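Here's the structure we're looking at; comments come further down.
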Amino acid sequence: MYMACDNPGITNIRKGILVPMIQKCYVVWVGRTPGIYETWDECKSEVVGFPEARCKGFSTLEQAEKALKDGWEKHWGKKDQKYKADIKYPDEIQKNSIVVDVSCSGPNGPMEYRGIGLKEKRIIFERGSFRVGTNNIGEFLAIVEAIRHIAKNGHYDTIYSDSQVAIGWVRNKTCKTTLERSEATKEIHAIIDEALEWLRKNKYSCKVIKWKTTQWGEIPADYGRK
RNA sequence: ACAU
DNA sequence: GAATGT
Ligand SMILES: [Mg+2]
Ligand SMILES: [Mg+2]
């Protein structure tokens, strides 16, 4: 029996480590007998070989009941919010931590990043979208923002990032981005410069450590767009 | 090669 | 397939 996470959309799936998405209700709008089914097998037998059949999986009975009333037109081909299974992380992982990640649509942006409290699965900060920025710049700014959050508010003692590059930049208090300084990039560079200045002028005691993606699956702050 |  | 980085 899976427990529904009350903050869907910020946990991730990795076979063998994390549990798959909860999808326990299947709505059949157009099939042999329209209604709600508990398994894919049942659902399948309602729709296979049925012309123009319409069905879809949902996480909760409530969602499914609403979707059945809505009709398939409102849900077909759309991404409804799916609840993810709650996750048991390995003991090795520091639970009193903020996990961060970036999402970068193109090589130079748009870029956004966020930090999430691992234990509470709560979004602590979200920044962007920045018109220009690289993956590594976003990973870097995310870590610095998490450090500053902890320096100011306490509550956490560890930051996880999956970025070898950004962890290094933070450690060295330097940003070796290849993104040229130009009129088009001056905004993001100003933000980087301010972050570096804070790092160099302030002390902090939280640890910044590597999220071991190959062992633990995608970092829970991941945007799930890959 | 490693991490994104 | 491409780019950002050590
Ligand atoms: Mg990342
Ligand atoms: Mg990611």
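Predicted, not measured: the structure shown is a model, and the values here were computed from it. Lettering follows sequence order; numbering is per chain, from 1.
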| A:V144 and A:V170, any side-chain heavy atoms less than 4.5 Å apart |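 Yes - at least one pair of side-chain heavy atoms lies under 4.5 Å apart.
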| Sub-4.5 Å side-chain heavy-atom contact between A:L179 and A:N136 |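 Sidechains of A:N136 and A:L179: no contact.
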| said: Under a 3.5 Å cutoff, is there a donor and acceptor pairing between the side chains of A:E145 and A:Y113? | reply: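 On atom types as modelled, these side chains qualify, holding a pair under 3.5 Å.
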Send over the distance from [X] [atom1] to [N] [atom2], rounded to a whole Å.
X      : N     : atom1 : atom2 : value
A:I219 : B:A3  : CD1   : P     : 14 Å
A:M111 : C:dG5 : CE    : C1'   : 15 Å
A:I209 : B:U4  : CD1   : P     : 14 Å
A:I167 : C:dG5 : CD1   : P     : 15 Å
A:Q164 : C:dT6 : CD    : P     : 9 Å
A:K212 : B:A3  : NZ    : P     : 12 Å
A:N108 : C:dA2 : CG    : P     : 16 Å
A:I137 : B:U4  : CD1   : P     : 18 Å

Has [X] got a side-chain N or O lying under 4.0 Å from the OP1 or OP2 atom of [N]?
X      : N     : value
A:T177 : C:dT4 : no
A:T213 : B:A3  : no
A:K210 : B:U4  : yes
A:S163 : C:dG5 : no
A:W211 : B:A3  : no

| message | For B:U4, does the base pair up with any side-chain atom of A:N136 as donor and acceptor (N or O, under 3.5 Å, distance only)? | response |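 It does not, because no donor-acceptor pair links the side chain of A:N136 to the base of B:U4 below 3.5 Å.
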| said: Once you apply a heavy-atom cut-off of 4.0 Å, does A:D162 come out as touching a base, just sugar-phosphate, or nothing? | reply: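 Since only primed, P, OP1 and OP2 atoms lie under 4.0 Å of A:D162, the category is sugar-phosphate.
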| query | Say you draw a straight line from NZ of A:K56 to NE2 of A:H75; how long is it, rounded to the nearest 0.5 Å? | reply |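 Interatomic distance, A:K56 NZ to A:H75 NE2, rounded to 0.5 Å: 8.0 Å.
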| field | Minimum-distance nucleotide to A:T178 side chain [options: C:dT4, C:dT6, B:A3] | value |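 Taking heavy atoms from C-beta onward, the closest nucleotide is C:dT4.
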| Closest approach of A:P90 to A:W216 (non-hydrogen atoms, all atoms of both residues) |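 Scanning both residues, the minimum pair turns out to be CG-CD1, 3.9 Å.
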